[in-house]
Trainee: 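Would you mind keeping the following structure in view while I ask a few things?
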Amino acid sequence: MNKAILLTAVLLANLALMGAEPLMTQKDLKFTWLKDNPNYVVTFTPEIAKAECKVNQRQSLAIQAEFNRPIAAGKSYVITFRARGTTGIISLKPQFNGKGVDNLISDAELFEDWKKYEATFTAPADAKTFSCAVYSWNRLGFYEVRDFSVTLKEEKKEEK
């Protein structure tokens, strides 16, 4: 690999960890859990990720973020996004070091009009990488996600 490319990648990752850049943005939503199933269709544009269940087969309709994003252990982050749809509920599952943990948002009510969702988390002490998924389990219909971001939570400075 070209050393300049590698150094640029390391620099960008470090800037993200320091909060200069978001850890993730809308462009990082690019995967799904179910592939090659015509009943579960997920599409991505630069502005919106859309997931649609045409025939319910009791599975998760998921929009997955890019995997293995470097993260700072012990730091707090905020995930925000807007969503709308007809599935009725939506959940947000974080993943550290390639493994899912408890949902940050579980079965939150989903509306046909855009609504903002937000969750805060602290990366575990052993966390090296991060990803997450916005999903709806066992639901017919569709949902859309836009304005997705994961940012380092600003630490409040104590006033003297």
Side-chain angles (χ1 to χ4, degrees), residues 1 5-6 8-10 12-17 21-73 75-108 110-111 114-124 126-153:
M1 176 181 255
I5 294 172
L6 180 59
T8 300
V10 169
L12 290 173
N14 285 332
L15 286 172
L17 290 175
E21 293 287 325
L23 180 67
M24 290 184 165
T25 64
Q26 184 74 30
K27 68 177 177 48
D28 295 307
L29 298 178
K30 50 175 104 172
F31 301 102
T32 186
W33 293 348
L34 298 174
K35 295 180 175 93
D36 303 322
N37 184 333
N39 295 316
Y40 291 84
V41 179
V42 180
T43 57
F44 305 94
T45 69
E47 296 83 27
I48 293 178
K50 181 178 182 180
E52 182 178 11
C53 174
K54 297 177 179 183
V55 176
N56 189 353
Q57 297 174 318
R58 295 188 49 78
Q59 297 187 39
S60 283
L61 181 60
I63 295 173
Q64 173 73 46
E66 185 174 319
F67 295 96
N68 300 321
R69 186 59 55 96
I71 194 166
K75 294 286 186 180
S76 294
Y77 294 83
V78 179
I79 299 174
T80 59
F81 61 93
R82 295 187 185 285
R84 70 176 177 187
T86 61
T87 59
I89 58 171
I90 199 166
S91 298
L92 175 65
K93 176 167 280 305
Q95 300 154 334
F96 298 99
N97 304 329
K99 297 178 182 169
V101 296
D102 291 343
N103 287 346
L104 292 172
I105 297 174
S106 292
D107 297 340
L110 182 67
F111 303 93
W114 291 106
K115 179 184 176 203
K116 183 177 180 179
Y117 296 83
E118 183 174 298
T120 302
F121 69 92
T122 300
D126 66 343
K128 292 181 179 26
T129 63
F130 173 78
S131 186
C132 64
V134 179
Y135 74 96
S136 191
W137 165 251
N138 191 23
R139 296 292 177 137
L140 189 63
F142 80 95
Y143 67 92
E144 296 174 316
V145 174
R146 72 176 189 192
D147 303 330
F148 177 85
S149 72
V150 181
T151 56
L152 190 60
K153 185 177 179 184

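It should be emphasised that the depicted structure is a prediction, and the values quoted were computed from it without experimental measurement. Throughout, residue positions are numbered sequentially from 1 according to the sequence presented.
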Trainee: Under 3.5 Å, is there a donor-acceptor pair between the side chain of Tyr117 and the main chain of Ile90?
Mentor: no
Trainee: Please walk me through it: do Tyr40 and Gln57 pass side-chain contact (heavy atoms from CB on, under 4.5 Å)?
Mentor: CA-CA 9 Å; Tyr40 291 84; Gln57 297 174 318; 3.4 Å; yes
Trainee: Looking only at non-hydrogen atoms, find the nearest pair between Leu23 and Pro70 and report the distance.
Mentor: CD1-O, 3.1 Å
Trainee: Check whether any side-chain heavy atom of Thr87 lies under 4.5 Å from a side-chain heavy atom of Cys53, and answer yes or no.
Mentor: no
Trainee: Once you round to the nearest 0.5 Å, how far does CZ of Phe142 lie from NZ of Lys54?
Mentor: 13.0 Å
Trainee: Output the distance between atom CZ (Arg84) and atom CD1 (Ile48), rounded to the nearest 0.5 Å.
Mentor: 6.0 Å
Trainee: Might you point out which heavy atoms bring Ala123 and Ala72 nearest each other, and give the distance in Å?
Mentor: CB-O, 3.5 Å
Trainee: Between Arg139 and Gly88, is there a donor-acceptor pair closer than 3.5 Å when you use the side chain of the first and the backbone of the second?
Mentor: no
Trainee: Please confirm whether the backbone N or O of Val145 pairs with a side-chain atom of Lys50, one donor and one acceptor, at under 3.5 Å?
Mentor: no
Trainee: Give a yes/no verdict on a cation-pi contact between Lys75 and Tyr77, requiring under 6.0 Å between NZ or CZ and the six-membered ring centre and an angle within 45° of the axis.
Mentor: no
Trainee: Just checking, is any N or O donor in the side chain of Thr122 or Ser76 under 3.5 Å from an acceptor N or O on the other one?
Mentor: yes
Trainee: Could you check whether the rings of Phe96 and Phe130 sit parallel, tilted or perpendicular, using 30° and 60° as the cut-offs?
Mentor: tilted
Trainee: Look up atom OG1 in Thr80 and atom CD in Glu118, then write down how far apart they are to the nearest 0.5 Å.
Mentor: 6.0 Å
Trainee: Ignoring hydrogens and geometry, is there a side-chain-to-backbone donor-acceptor pair from Thr151 to Pro22 under 3.5 Å?
Mentor: no
Trainee: Heavy atoms only: give me the nearest Thr32-Lys35 pair and the separation to one decimal.
Mentor: O-NZ, 3.7 Å
Trainee: Can any side-chain N or O of Thr120 pair as donor or acceptor with the backbone N or O of Val78 at less than 3.5 Å?
Mentor: no
Trainee: For the side chain of Asn56 and the backbone of Asn138, is there at least one donor-acceptor N/O pair under 3.5 Å apart?
Mentor: yes
Trainee: For atom CG of Asp126, is the number of surrounding heavy atoms from other residues, nucleotides or ligands below 6.0 Å larger than 12?
Mentor: yes
Trainee: So which atom in Leu34 and which in Ser60 form the shortest heavy-atom distance, rounded to 0.1 Å?
Mentor: CD1-O, 3.6 Å
Trainee: Any chance NZ of Lys30 has more than 12 other-residue heavy atoms, nucleotides or ligands included, within less than 6.0 Å?
Mentor: yes
Trainee: Within this structure, what is the NZ-CD1 distance for the pair Lys128 and Ile71, rounded to the nearest 0.5 Å?
Mentor: 12.5 Å
Trainee: Closest approach of Gly141 and Thr86, non-hydrogen atoms and distance?
Mentor: CA-OG1, 3.4 Å
Trainee: Between the main-chain N or O of Leu29 and the side-chain N or O of Gln64, is there a donor-acceptor pair closer than 3.5 Å?
Mentor: no
Trainee: Show the numbers, then the answer: is there a side-chain contact (heavy atoms from CB on, under 4.5 Å) between Glu47 and Gln26?
Mentor: CA-CA 7 Å; Glu47 296 83 27; Gln26 184 74 30; 6.0 Å; no
Trainee: Give the minimum heavy-atom separation between Phe67 and Gln95, together with the two atoms involved.
Mentor: CE2-OE1, 4.4 Å
Trainee: Is a side-chain N or O of Ser131 found less than 3.5 angstrom from the main chain of Glu66, in a donor-acceptor match?
Mentor: yes
Trainee: Run the side-chain contact (heavy atoms from CB on, under 4.5 Å) test on Tyr135 and Asn103 for me, step by step, so that the C-alpha distance in whole Å, both residues' side-chain angles and the decisive distance to 0.1 Å come before the verdict.
Mentor: CA-CA 10 Å; Tyr135 74 96; Asn103 287 346; 2.8 Å; yes
Trainee: Can you tell me if Asn97 uses its side chain to pair, donor with acceptor, with the backbone of Thr129 under 3.5 Å?
Mentor: yes
Trainee: Does some side-chain heavy atom of Val134 sit less than 4.5 Å from a side-chain heavy atom of Tyr143?
Mentor: yes
Trainee: Could you tell me the separation between the CG atom of Leu92 and the CD1 atom of Ile79, rounded to the nearest 0.5 Å?
Mentor: 4.5 Å
Trainee: Atom CZ of Phe148 and atom CZ of Arg82: how far apart are they, to the nearest 0.5 Å?
Mentor: 14.5 Å
Trainee: Pair Ile89, Leu110 - check side-chain contact (heavy atoms from CB on, under 4.5 Å), show working.
Mentor: CA-CA 5 Å; Ile89 58 171; Leu110 182 67; 5.6 Å; no
